[in-house]
Amino acid sequence: MEKTLGRVLIGKYSELPDRLGKTFFVRDEEIALFKLVNGDVRAIENRCPHKGGVLAEGMVSGDHVFCPMHDWKINVCDGQVQAPDHGCVRTYQVEVEEDLVYIII
Ligand code: FES
């Protein structure tokens with residue numbers, strides 16, 4: 001079972017770039033945070049399950065990020081790699097309160 005440590009403040013919503021990833025380090029985890037075109041914020045593990053590409057540096061399109069190394073397409077909402085590739089990354093719950101963004105980890 002994964003240990004839940006609680007809610008961690010990571011920054012201001014107004015300072016997140018639109019449709020770009022940003023890397024955060026929370027405890028021992030490296031997390032890619034994305035503000036989507038609809039304003040939702042999603043957080044996933046920052047390493048591609050293929051060969052470890054840094055997902056925060058990938059192109060964002062809709063609910064997906066394209067790994068910058070070999071273009072695997074990963075859903076930032078459920079962490080699933082899209083066919084024809086396969087695998088998944090961990091997802092993290094995000095909470096936004098007024099202008100503050102929290103990760104539940
Ligand atoms: S490392 Fe991400 S697609 Fe290869």
Side-chain angles (χ1 to χ4, degrees):
M1 191 197 312
E2 287 180 3
K3 198 165 87 175
T4 300
L5 298 171
R7 192 163 93 140
V8 178
L9 175 65
I10 55 166
K12 291 188 171 185
Y13 181 82
S14 57
E15 294 175 356
L16 294 177
D18 290 325
R19 289 174 289 131
L20 287 176
K22 189 165 181 182
T23 298
F24 289 90
F25 293 90
V26 181
R27 319 257 193 224
D28 293 333
E29 316 259 348
E30 184 177 337
I31 296 172
L33 203 77
F34 301 94
K35 184 160 85 177
L36 306 180
V37 70
N38 66 4
D40 286 353
V41 181
R42 302 292 181 179
I44 61 173
E45 179 184 347
N46 201 19
R47 293 291 164 177
C48 177
H50 180 215
K51 292 189 177 176
V54 179
L55 297 175
E57 297 175 1
M59 290 259 300
V60 179
S61 176
D63 289 343
H64 296 89
V65 61
F66 290 84
C67 177
M69 287 187 69
H70 314 97
D71 217 29
W72 279 22
K73 183 179 180 184
I74 298 170
N75 186 305
V76 298
C77 300
D78 63 11
Q80 292 297 315
V81 172
Q82 305 299 290
D85 305 304
H86 54 85
C88 67
V89 294
R90 183 176 174 189
T91 59
Y92 300 87
Q93 185 181 340
V94 177
E95 291 179 0
V96 180
E97 277 183 18
E98 301 197 358
D99 194 35
L100 301 178
V101 181
Y102 300 87
I103 295 259
I104 311 302
I105 188 167

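Start at 1 and go down the list; that is how both ligands and their atoms are numbered. The first residue of the sequence shown is numbered 1, and numbering continues consecutively from there. Since the model is a prediction, treat every value here as computed from it, not as a measurement.
Against a heavy-atom cut-off of under 4.0 Å, Cys48 is close to the following atoms of ligand 1: 1 (S), 2 (Fe), 3 (S).
In summary, an N, O or S atom of His70 is located under 2.8 Å from atom 4 (Fe) of ligand 1. Atom 4 (Fe) of ligand 1 has an N, O or S atom of His50 inside 2.8 Å of it.
Of the N and O atoms on the side chains of Tyr102 and Gln93, not one donor lies less than 3.5 Å from an acceptor on the other residue.
Across Gly58, Pro49, Cys67, Gly52, heavy-atom proximity to atom 2 (Fe) of ligand 1 is greatest for Cys67.
Side-chain contact between Asn75 and Val65 is absent, with no heavy-atom pair separated by less than 4.5 Å. Arg19 places none of its side-chain heavy atoms less than 4.5 Å from the side chain of Lys35.
Nearest to atom 1 (S) of ligand 1 among the protein's heavy atoms is Lys51 N, 3.2 Å.
Atom CD1 of Ile44 sits about 11.5 Å away from atom CD of Glu30, to the nearest 0.5 Å.
Note on ring orientation: taking the six-membered ring where Trp is involved, the planes of His86 and Trp72 are tilted (angle from 30° to 60°).
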